[in-house]
Structure formats: structure tokens, C-alpha cells
Amino acid sequence: MDRKLTEFIALLRNNGLCTSPVEVADAVSAIALVGYDDRQRFHDSLSATLAKSRSDGLIFERCFESFFSFSADSTPPAPDPAALSLPEGLQFLFGQGQGGGSGGGQGGGLPVPGIPASTLGEQLLTDTDGQLSLTLARAVAATDLSRMQVMTQKGLFARRILMAMGLEELERELEALRGSDTARAGLRAGLLRDALERLRGRVREEVDRYFQLARAQNRDDIVRSTDFTLLRESDEVRAVIRRMAKRLVTLHRRREKQAARGILDLRATLRRNLAHDGVLMEPRWRRIRKDRPRVMAVCDVSRSVSQYARFLLLFLYGLQEVIPRLRSFVFASTLHEVTDLFEGNDVETALDLTLERYGLGSTDYGRAFADLESLALADIDRRTTLIILGDARNNNGDARLELMRQFHDRARQVIWLNPEDRNRWGSGDSEMLRYATCCTHTYSCRTLQELERIVDRLLKSA
């Protein structure tokens, strides 16, 4: 049940209900007091500890009803979960008053002499006390649907649930019934097939429901791990990028506070506290000199990599609190500074204007580096981090490698982000292997997750 509660908290957060670790701890303490047996008390305890406003309450209710529910064919009174030995916490896979099953009728549910009846077959034909729903709940929990990541896995996980319910034994019974020529065997086989088909429908509905929940729970992870070639800019993607940037800002602010305080100077502390018999009464700190990073971003916005440039600039401009001195340059055939565009417009508008004005033309890295030399070489110094985004495919033009060496010698560090796999570097008209000799770090960057990790390293080292 702890895993289910963790998944539910993740669902709330991804739907906009912010929950702090303290509130989650309060929720766990409340559930420990009220227990799991009463669905309404369980609901009220979570609501009281996690929903802090009317809008939070609406989000909570929607998420609770979709997460702690279980589909069923009929609605007889629910059985006592404890009496039926339901594993702890599984009763919250379905609501109070839900059950399942359907009787065979006309004697079709009776076993055929000489053919062992399967447990699942008996539940399908004679279930009147909700045992089938409990079996399905146990199978869903045992299958761990949280591991389902893509739509094509739905059939696989549905099959696993049915196997956990006893499908293999039922299939052996059906095979034996098909080999019998009695009327009762034919009737029972027909009823079992119909009931099994209804059960398959219930399982498919449950798998689909959980897949939608899992997508909501893991929305950020799915977006962050999606290849840029498949990722399309949208409100959802921009929201994920903003959360990533906010997370890095918070982390870096903590590092800045530590830098302002310094680190413990053990030797100075021991010397200072000799008068206190070695008791560390007055700690001494060694100051850490840490400047805010000065970043220049140079992005290839030709048609082949413009999408990558959008995501990089969206992310970097979300970090303005910790990267206040950011200058942006874009190029295809010629290089242009677009810093003023981003200062005078919101990021999305500035990106649209940038690509509209400068996103056409064939790529010429040599000419772009010559333009960068004339525009910004004097401003590149030992406090500057130069980030270059591009695939380094120069259409067999002059690479101007001497300019890259000049940038490297003047800058604090030169970081190259290439959207291609490393095994393609140097192939065809790619100059990446030559440019790599003039870079401090080179990365193959194909997802937001990789971009976040790279920018985090930049903030640590700048």
C-alpha cells in the first residue's frame, strides 16, 4: 500500500496539487491512525492532510476517484476484505459497494464429470460474493502495472493479469471440454468462453485506466526522456521545462548559500577552540569564491537542428535567476545576436521571431565563427562559458578550426552539445571530431533529461 500511496502523491503533484514532504508525512501518520478498512475515512484523512484550498480539493477529488477505483460488471454488496484474506491495502483498488461476477444459470455452471473444474472457471460461472473482483485486484497488484510505459505494452500486461488469475488452468479445462461430446460439456464450454470474454474486457479496461493514470503520474519523466526528434513543443512540454528550470534554480540557490557561508575549516576550528579543551564551540569557515556564470549560447538554427535550439534556449532562459548574464547568438549561414529579442519579448515570442528571421539558409560554421569573433571575442574571458549547439555538419566548407582554438584559449570552458549520436560524429561532412579537440566538454544531447544534467554540471563548474 505504501507504493500505491506514493504513486497517488505523484499523481497529485503532476496534476498541480503541491504537496510538501511534511504534508506527505502527516498523511502517512493519519492513515496509520484510521487504517485502510474504511474507504470514506481513508479519503477524508488524505483530503484533510493534502488538500489545502478549494482548488486543491477539486484536484484531489478528481485524482482520488480515478486512482482508487475498480471496474466491475455488477454491483452486489462488497464482501468483507479481511474475511476473504485480501492483501493489506488492496481493498482500495475498488470502491465500497462494488463487486463482480455473473452466474452461469440453467445448470451450465456445474462441473462436467471426469473433467477437473478450474478455479477461475468456477469464479466466472458461480461468483456471487465478489470473489472474482478480489482475484482481479490481487492479480493487478501482483502484475505491477506501474512498469507499463508505452501503449504497445497494454496487451502484454493484460495477459499477465489473466495468467495471475489462473488463465492457464482455465485454458486446460476448455481444451478438455472441447474433447468431450456431452451436451453439458458443450454448454459449460460456451458459458466459460462468454464469461472469459467479458473478463478480458474488464481487464482491458483496468489496464487502460491504469495506463492513463501512469501517463499522468510519469508525465514529466516521459517528456524528459523523449528524443527531441519525437518531442513537439506544447504547453505541457513548456510546463515541464519550467519545472526543470525551477528545480535547478532551487538547487543552485542552495549551493550559493553554502558558498556564501563557506566550508568548515577544520584546522582553524581546532586551533580556535583549544581554549575550550577541544570542544568545537566556535567553528571557523573557509570562504568559497563562486561567481555567477557568464554564458554565451551559440545555436545552429538551420532546419535540421532548429527544434533542438528551441529547447536549449527555453531551458536557459528559464534559469535567469542563476544565469543573469546570458547572451544568445543564432546562425545558419551567418551569425546574429538575439539577446535583445529575448529581453524585449516573452521567450516563446522571441523564439518564433528568431527562427522566422534567421532560421533559413545552409549551415556555414566557419562563417558563423568568424562573425562571433567580430561580435563578441573581446567579451570572452576566463569567466565566460561558451555553449555551442549544432551537429557540426559544415557542408564541406572551411571549418575555421583556428577560431575555435582561440575561443577555447580565452574562455573558462567551451561546451558543445550535438544532437547526433557519437557514432555519427565525423561521418560525411561532419567536422565534430575536429571541433571536439577545441572543446572542454562535448556531449551527445538528445533529450531534456540529458540537457538538464549537462546544465546542472555547467552551474556547478561555472
Side-chain angles (χ1 to χ4, degrees), residues 227-229 231-233 295-317 326-339 341-342 347 350-377 380 384-401 403-408 411 413-422 424-448 450-451 454-455 458:
D227 193 292
F228 283 141
T229 56
L231 194 62
R232 294 294 176 265
E233 189 179 346
V295 176
M296 288 187 182
V298 180
C299 301
D300 181 352
V301 291
S302 61
R303 188 170 285 105
S304 59
V305 290
S306 60
Q307 187 76 352
Y308 300 87
R310 287 187 71 97
F311 290 126
L312 174 64
L313 292 172
L314 272 173
F315 195 40
L316 289 178
Y317 276 96
L326 173 62
R327 293 180 65 183
S328 304
F329 302 83
V330 298
F331 70 94
S333 55
T334 57
L335 181 135
H336 307 269
E337 183 168 3
V338 293
T339 306
L341 277 180
F342 285 90
V347 178
L351 283 170
D352 291 337
L353 291 172
T354 296
L355 295 178
E356 180 182 339
R357 294 179 185 179
Y358 310 117
L360 299 176
S362 59
T363 309
D364 188 340
Y365 279 82
R367 182 173 177 180
F369 291 155
D371 292 339
L372 182 63
E373 179 191 32
S374 62
L375 288 174
L377 182 64
I380 299 177
T384 304
T385 293
L386 180 62
I387 301 177
I388 302 174
L389 172 72
D391 57 9
R393 295 197 173 273
N394 200 34
N395 295 307
N396 299 312
D398 186 357
R400 301 298 302 271
L401 201 62
L403 293 178
M404 274 295 296
R405 293 195 184 98
Q406 195 173 2
F407 300 149
H408 176 268
Q413 56 183 343
V414 177
I415 299 174
W416 194 300
L417 308 181
N418 193 317
E420 293 187 342
D421 287 330
R422 284 184 179 270
R424 296 193 60 199
W425 292 5
S427 65
D429 61 347
S430 172
E431 299 283 359
M432 190 61 218
L433 296 181
R434 297 177 65 197
Y435 285 140
T437 62
C438 306
C439 297
T440 313
H441 303 288
T442 57
Y443 300 100
S444 174
C445 182
R446 300 179 60 82
T447 66
L448 287 173
E450 292 172 348
L451 179 60
I454 292 165
V455 174
L458 184 157

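All values reported here derive from a predicted model rather than from experimental measurement.
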For the [atom1] atom of [X] and the [atom2] atom of [Y], what is their distance to the nearest 0.5 Å?
X      : Y      : atom1 : atom2 : answer
Thr447 : Glu450 : OG1   : CD    : 3.5 Å
Leu316 : Leu326 : CG    : CG    : 6.0 Å
Asn395 : Glu431 : CG    : CD    : 10.5 Å
Leu403 : Tyr365 : CG    : OH    : 15.0 Å
Asn394 : Arg367 : CG    : CZ    : 12.5 Å
Thr339 : Met296 : OG1   : CE    : 8.5 Å

Do you know which two heavy atoms are closest between [X] and [Y], and how far apart they sit?
X      : Y      : answer
Tyr435 : Gly366 : OH-N, 4.4 Å
Cys439 : Met404 : SG-CE, 3.8 Å
Ser333 : Asp364 : O-CB, 3.8 Å
Pro419 : Gly390 : CD-O, 3.6 Å
Arg434 : Leu401 : O-CD1, 3.5 Å
Cys438 : Arg405 : SG-CG, 3.4 Å

Test item: [X] and [Y] side chains (from C-beta on) under 4.5 Å apart, heavy atoms:
X      : Y      : answer
Ile388 : Phe369 : yes
Tyr308 : Leu417 : no
Leu389 : Val305 : no
Met432 : Trp416 : yes
His336 : Arg357 : no
Val295 : Leu458 : yes
Ile380 : Phe407 : yes
Val330 : Leu335 : no

- Message: Is it the case that the side chain of Thr440 and the backbone of Val414 share a donor-acceptor pair, with hydrogens and angles ignored and the cut-off at 3.5 Å?
- Response: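 Yes, the answer is positive, given that a donor and an acceptor are paired below the 3.5 Å cut-off.
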
- Query: Has the side chain of Trp425 got a donor or acceptor atom that lies under 3.5 Å from a matching backbone atom of Glu420?
  - Reply: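 Checked: pair present.
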
- Query: Around atom CZ of Arg422, are there more than 12 heavy atoms of other residues, nucleotides or ligands at under 6.0 Å?
  - Reply: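 For Arg422, atom CZ is crowded (more than 12 foreign heavy atoms under 6.0 Å).
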
- Where do Val301 and Phe331 land on the side-chain contact (heavy atoms from CB on, under 4.5 Å) test, with the steps shown first? CA-CA 6 Å; Val301 291; Phe331 70 94; 5.9 Å; no

- Message: By the definition side chain to side chain donor-acceptor pair (under 3.5 Å), identify the one residue from Thr229, Asn418, Asp227 that meets it with Arg446.
- Response: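 The single option meeting the side chain to side chain donor-acceptor pair (under 3.5 Å) with Arg446 is Asp227.
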
- Intermediate values then yes/no, side-chain hydrogen bond (donor to acceptor under 3.5 Å, both in side chains), Thr363 and Arg303: CA-CA 9 Å; Thr363 309; Arg303 188 170 285 105; over 6 Å; no

- Worked check of side-chain contact (heavy atoms from CB on, under 4.5 Å) between Phe342 and Leu351: CA-CA 8 Å; Phe342 285 90; Leu351 283 170; 3.8 Å; yes

- Message: For Leu231 and Phe311: C-alpha separation, side-chain torsions, deciding distance, then whether side-chain contact (heavy atoms from CB on, under 4.5 Å) applies.
- Response: CA-CA 10 Å; Leu231 194 62; Phe311 290 126; 3.8 Å; yes

- Task: Would you check, one step at a time, whether the test side-chain contact (heavy atoms from CB on, under 4.5 Å) holds for Val347 with Leu313?
- Result: CA-CA 8 Å; Val347 178; Leu313 292 172; 5.8 Å; no

- Residue list, ring pair (Phe, Tyr, Trp, His ring centres under 6.0 Å) with Phe329, at least two apart or on another chain: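 Checked Phe329 against ring pair (Phe, Tyr, Trp, His ring centres under 6.0 Å); zero matches.
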
